[in-house]
There are 2 protein chains.
Amino acid sequence: MSTAEETAGGEREPWGEVAPDAARRLLVAAVEAFAERGYHATTTRDIAGRAGMSPAALYIHYKTKEELLHRISRIGHEKALEVLRTAAEREGGPAERLGSAVRSFVRWHAGQHTVARVVQYELDALGPESRAEIVALRRQSDAAVRGIIEEGVAAGEFTVTDVPGTTVAVLSLCIDVARWFKVNGPRTPDEVGALYADLVLRMVGAKH
Amino acid sequence: MSTAEETAGGEREPWGEVAPDAARRLLVAAVEAFAERGYHATTTRDIAGRAGMSPAALYIHYKTKEELLHRISRIGHEKALEVLRTAAEREGGPAERLGSAVRSFVRWHAGQHTVARVVQYELDALGPESRAEIVALRRQSDAAVRGIIEEGVAAGEFTVTDVPGTTVAVLSLCIDVARWFKVNGPRTPDEVGALYADLVLRMVGAKH
DNA sequence: TCCGAAGGTGAGCGATCGCTTAGAGTGCCC
DNA sequence: GGGCACTCTAAGCGATCGCTCACCTTCGGA
């Protein structure tokens, strides 16, 4: 795998684009709190406390608690989509590209599982217009995966009868990693990614 | 498939064992509310209102709001485990039994997706002792699936290198159905179950 | 040297939360 | 008919929530 693939999506500096410093610290604190307790169970006092600030300081940088969730969701989804696309658009046949996409996407959901948990499981807490924006990003992930599967079927490399259904299953499998992955568990994000890439290639009946 | 397999887990009368009538109505209302908005975003006034009662009536039948979630989680997990085991213990080879187990388990998570959503995604809202009880039930589901896969590998019918990892992936795939399944979507619970059974048999490299 | 913008705090407002209490209605057994 | 257990309601308590306001500090530029 290439170096570009490894660092795509800013896995090293997840929130480097957020400024100023206090706003970034609040956002990082919110990600931790939301991932641990969930959006509704997290208080603004808890977020501010984790960032080493008073409760009122939060409202200098963000209008509401929901805006914090919205910013986290949008940036997180964009990172995940970037990771997926970078791997999906590399050179090679459908099997190589699907395997690479799943490996990268899963590695991101495992390695950044706190962000991923918020991004994937707290969507309902957003208002209608914010949620619509995020759903649009999600559809692009779906289209990217479905595109490779369709290509593989057309090229005779995959044997899939229900392409939309298999696409949903593949994405569901990858996303749910964020729910069960534990940092102190028996597997590294890399190992889970490799396992899942193999499983998905079996699901689409890839010839090897 | 057998009639026993179709009705296992009380898919027709999900809360028939809960008495008296008012307690069951409150529990059904809580399932709906928790599934729609999440545990922490649901108020006791909302639950009582859906059941057509005053807020205070809730505390005649349940000590706290958390006890309601605990009861829902325990009963729901027991139903899901019963569905899984009934299908897993039927006659036939590993491939037939794994396919049957996945089909039934997925059909339950799709058909009872409101219950399943609460049961699978609101676990963190439970206290330590309640959560431990539920986690124990979940381990039994894991053991049931892993058992079949190990059997299939031993019999030379499956080709799986990482049995625990594949088991986690299979269960994750099935459980996450509760998150994305929509009643008015393009597929019935039966259809999703059939699709997923096929996908899982491919994942384990079942010979056919 | 003075000033205004920017970033921060302590105190607290109005609303709403989970939950409790006092008492009323109902049916069943003697 | 009287007593009692059970079920439910109206009212509201104390705590905590998201968020606001008045005020303080810091600092770069004219």
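Looking at residues two or more places apart in sequence or on another chain, you find a side chain to side chain donor-acceptor pair (under 3.5 Å) between B:Arg74 and B:Glu78. Looking at residues two or more places apart in sequence or on another chain, you find a side chain to side chain contact (heavy atoms under 4.5 Å, CB included) between A:Pro20 and A:Ala23, A:His61. Listed by chain and number, the residues in a side chain to side chain donor-acceptor pair (under 3.5 Å) with B:Ser172 are A:Asp176 (sequence neighbours excluded). Residues passing the side chain to side chain contact (heavy atoms under 4.5 Å, CB included) test with A:Glu191 are A:Arg187, A:Thr188, sequence neighbours excluded. Considering only residues two or more places apart in sequence or on other chains, B:Glu96 meets the side chain to side chain contact (heavy atoms under 4.5 Å, CB included) condition with B:Arg90. Scored by the side chain to side chain donor-acceptor pair (under 3.5 Å) test, B:Thr167 finds no partners at all (sequence neighbours excluded).
Checked by atom type and distance alone, the side chain of A:Glu122 never pairs as donor or acceptor with a backbone atom of A:Leu69 at under 3.5 Å. A donor-acceptor pair under 3.5 Å is formed between the side chain of A:Tyr39 and the backbone N or O of A:Glu66. Of the possible polar contacts, none joining the B:Arg103 side chain to the B:Gly193 backbone as a donor-acceptor pair under 3.5 Å is found. Side chain of A:His113 to backbone of A:Ala110: a donor-acceptor contact under 3.5 angstrom is found.
Across residues 59-73 of chain A, A:Tyr59, A:Thr64, A:Lys65 each have a non-hydrogen atom less than 4.0 Å from an atom of DNA chain D (numbered order). Contact check of residues 38-54 of chain B against DNA chain C (heavy atom, cut-off under 4.0 Å) returns B:Thr42, B:Thr43, B:Thr44, B:Arg45.
Interface limits on DNA chain C: the 5'-most and 3'-most nucleotides within less than 4.0 Å of chain A heavy atoms are C:dG8 to C:dG12.
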Pairs under 3.5 Å (N/O, protein and nucleotides 25-29 of chain D):
none

Please tabulate, one pair per line, all N/O donor-acceptor pairs under 3.5 Å involving side-chain atoms of residues 132-139 of chain A, not counting sequence neighbours.
from, atom 1, to, atom 2, distance (Å)
A:Glu133, OE1, A:His70, NE2, 3.3
A:Arg138, NH1, A:Gln120, OE1, 3.4
A:Arg138, NH2, A:Gln120, OE1, 3.2

Extract all donor-acceptor atom pairs below 3.5 Å that involve side chains of residues 28-38 of chain A and protein atoms in other chains or at least two apart in sequence.
from, atom 1, to, atom 2, distance (Å)
A:Glu36, OE1, A:Arg50, NH2, 3.1
A:Arg37, NE, A:Asp46, OD2, 3.4
A:Arg37, NH2, A:Asp46, OD2, 3.1

